[in-house]
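Data block below; observations after.
Per chain, numbering begins at 1; letters A, B, ... match sequence-line order.
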Amino acid sequence: MLQIYNTLTRQKEYFRPIHEGHAGMYVCGPTVYGDAHLGHARPAITFDLLYRYLLHLGYKVRYVRNITDVGHLEHDADEGEDKIAKKARLEQLEPMEVVQYYTNRYHRDMEALNVLPPSIEPHASGHIIEQIAFVQKILDKGYAYVSDGSVYMDVEKYAKDYPYGKLSGRNLEDIVTDTRELDGQSEKKHSYDFALWKKAAPEHIMHWPSPWSEGFPGWHMECSTMGTKYLGEEFDIHGGGMDLMFPHHEAEIAQSCAALGHESVHYWMHNNMITIAGKKMGKSYNNFITLEQFFKGEHELLSKPFAPMTIRFFILMAHYRSTVDFSSEALEAAEKGYARLQEAYNRLQKLQAGAETSVEVSGLREKCAEAMDDDLNSPIVLQHLFDSARAINTVYDGKGSISAADLDELRKVWKDYAVDILGLRLEEQGAGDENRKAFDGAVDLLLDIRLDAKRNKDWGTSDRIRNALTELGFKIKDTKEGYEWSL
RNA sequence: GGUCGGUUGCCCGAGUGGUUAGGGACCGGUCUGCAAAACCGGGGACAGCGGUUCGAAUCUGCUACCGACCUCCA
């Protein structure tokens, strides 16, 4: 039975859905004012893994991942400028043009990483009316106040009735003493009050009418609003990066409790950060590498381009709650490991069944299930797949055998866990369109000629063909029967 | 400063009381015209100092170092 680590309780809990057979999950998506980097790949892949596993377990899943296209402010909640608007002005584009541009590119990168699209991908800008209604509810309940056209959460009042800070393990006193004094907070009662609605400054391009002012929603509003709109006032899982725990998710809890009188989320899940030389990779650290740069190898820290599946595999090699430290060396190791898995998968499809099974293949499905049930332990699943790869290679080498029933099961387990759950694109090699068939045939022909040359001990011709193909990027392997090749 | 987390072999990275993690690199062997791949075997690790225990990488205390959040952030 699936256990997931709930940040709320700081322990692993059995997943018990609110509605039998259904699972609702909400994940904080990207702010679309820049290209996706490795850090965006982490939550996308982590929660893709969860989504895929829930589907595998037979749940009907509604997966909501938002697009943040309004409301995140440049510097602080009071003086900042809407990020999207700023970028738009700089580039002389319509705000929605910027949003569309980066959304398209985000989708392209996610598709490359084999991240399944969510069931619903709501835009904050498309839910202004709902957000205004949500703010109004909080006002009606008396947990917010209007000040100069903006609406703020009355955190002090809220904290008297609800435990504020429970998710991130803070209490109000800590927050009081630790919150930096910022300029221009005069319109807030307390520094820790956060904006639910902000009056737009004249230079703002993106703003909407509301009962309080022409403005835009506070940056935590969209998740509370859209999460409950599409998943219900209570739903199962909310995910996101650890850096969002405070204040973003804490504020979400406060907003939901204030408006609805109860919490919305049963399981809070947080993926850890990606580091680069031990430091967090992030937009504001100027040390981030975009996914496109990875795919093209265009960054000084990268020794070469890395395929999307290498990135995915690299991220799955570590547990989602651990930090994972990036280096070109680590990625190269991942690349080789992935190739080994790919090779084993290809061979698995070609294996011939024997009378009995002499290699250790039993219990693979159970072991993989056990690992996934244990808070999505993808590294352990990979460990089992590698163990299985050894068995496959043994049989492939003719040093062992496998029965028809075991072979069939093995193929199914690999399909289920490696392809469907881990989301590795192992089976899309050389799928047969006409061009590809002709191409394969041509390469086979060359290697047949080489084989003849070898039989005639014409090493010159033999090596010439192998070297030339290797030069072009082919990998040639001699086997007892003849040869194998791959690109 | 407050809160939380981490420190595992050459590198990445699992593991929570006793049993081989796994991957990459490296070394040796088998195979091979050579090579590659594959297979077999190998060495090496649990930050430091105490404590609990028959037994600790795993529990506990202290120390050192690193990081995250507290401010936009995945």
State, without any angle test, whether [X] and [Y] hold a side-chain donor-acceptor pair at a distance under 3.5 Å.
X: A/Asn271; Y: A/Arg42; value: no
X: A/Tyr53; Y: A/Asp373; value: yes
X: A/Gln342; Y: A/Asn346; value: yes
X: A/Thr68; Y: A/Asn66; value: yes

Whole-Å [atom1] distance, [N] and [M]:
N: B/rG24; M: B/rA37; atom1: P; result: 10 Å
N: B/rA25; M: B/rC11; atom1: P; result: 16 Å
N: B/rC40; M: B/rC31; atom1: C1'; result: 11 Å
N: B/rC12; M: B/rG50; atom1: C1'; result: 32 Å
N: B/rC66; M: B/rC27; atom1: P; result: 35 Å
N: B/rG15; M: B/rA21; atom1: C1'; result: 7 Å
N: B/rC46; M: B/rA57; atom1: P; result: 9 Å
N: B/rG9; M: B/rG5; atom1: P; result: 23 Å

Nearest-angstrom distance from the residue atom [atom1] of [X] to [atom2] of [N]:
X: A/Lys367; N: B/rA14; atom1: NZ; atom2: C1'; answer: 15 Å
X: A/Lys399; N: B/rG29; atom1: NZ; atom2: C1'; answer: 11 Å
X: A/Arg347; N: B/rA38; atom1: CZ; atom2: P; answer: 7 Å
X: A/Ile274; N: B/rC12; atom1: CD1; atom2: C1'; answer: 13 Å
X: A/Met245; N: B/rC4; atom1: CE; atom2: C1'; answer: 7 Å
X: A/Arg455; N: B/rC34; atom1: CZ; atom2: P; answer: 17 Å
X: A/Phe246; N: B/rG5; atom1: CZ; atom2: C1'; answer: 17 Å
X: A/Arg312; N: B/rG23; atom1: CZ; atom2: P; answer: 21 Å

From the options [options], select the nucleotide whose nearest atom is closest to the side chain of [X].
X: A/His319; options: B/rC70, B/rA14, B/rC4; answer: B/rA14
X: A/Lys477; options: B/rC11, B/rA37, B/rG33; answer: B/rA37
X: A/Arg170; options: B/rG2, B/rC12, B/rG33; answer: B/rG2
X: A/Asn377; options: B/rG15, B/rG2, B/rC39; answer: B/rG15
X: A/Met317; options: B/rA14, B/rC39, B/rG22; answer: B/rG22

Exercise for the section: Give a yes or no on whether the ring-centroid distance for A/Tyr230 and A/His127 is below 6.0 angstrom. Expected result: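 Yes.
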Practice task
For this output row, return yes or no: ring centroids of A/Phe326 and A/Phe294 closer than 6.0 angstrom.
Solution key: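 Yes, close enough.
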Exercise for the section: Please figure out whether A/Asp397 or A/Leu382 has its closest RNA chain B nucleotide nearer the 5' end. Expected result: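 That would be A/Leu382.
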Handout entry: Residue whose nearest RNA chain B nucleotide is more 5′ - A/His384 or A/Leu244
Key =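 Mapping each residue to its closest nucleotide by heavy atoms, the 5'-most match is A/His384.
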N/O donor-acceptor pair, side chain [X] with base [N], under 3.5 angstrom:
X: A/Asp478; N: B/rA35; answer: yes
X: A/Asn272; N: B/rG5; answer: no
X: A/Ser322; N: B/rG13; answer: no
X: A/Arg466; N: B/rC34; answer: yes

Classify the nucleic acid contact of [X] as base, sugar-phosphate or nothing, counting any heavy atom under 4.0 Å across all strands shown.
X: A/Asp463; value: base
X: A/Lys336; value: sugar-phosphate
X: A/Met273; value: base
X: A/Gly39; value: base
X: A/Arg464; value: nothing

Exercise for the section: Please indicate yes or no: is the ring centre of A/Phe386 less than 5.5 Å from the centre of the six-membered base ring of B/rG23, with the two planes inclined by under 30 degrees? Expected result: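 Aromatic stack with B/rG23 absent for A/Phe386.
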Problem - The single option from A/His249, A/His248, A/His270 passing ring-ring contact (aromatic ring centres under 6.0 Å, His included) against A/His238 - result: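 Exactly one option meets the ring-ring contact (aromatic ring centres under 6.0 Å, His included) with A/His238, and it is A/His249.
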For [X] and [N], is the shortest distance between a side-chain N/O and OP1 or OP2 below 4.0 Å?
X: A/Arg390; N: B/rG23; result: yes
X: A/Lys279; N: B/rG67; result: yes
X: A/Arg42; N: B/rC73; result: no
X: A/Arg340; N: B/rG23; result: yes

Using Watson-Crick or G-U wobble geometry with both distances under 3.5 Å, which nucleotide pairs with [N]?
N: B/rG67; value: B/rC4
N: B/rA14; value: none
N: B/rC34; value: none
N: B/rA25; value: none
N: B/rG50; value: B/rU60

Exercise for the section: Look up atom CZ in A/Phe306 and atom CG in A/Leu291, then write down how far apart they are to the nearest 0.5 Å. Expected result: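 If I round to the nearest 0.5 Å, the distance is 13.5 Å.
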Exercise for the section: Look at atom CD of A/Glu471 and say whether more than 12 heavy atoms of other residues, nucleotides or ligands are closer to it than 6.0 Å. Expected result: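 No.
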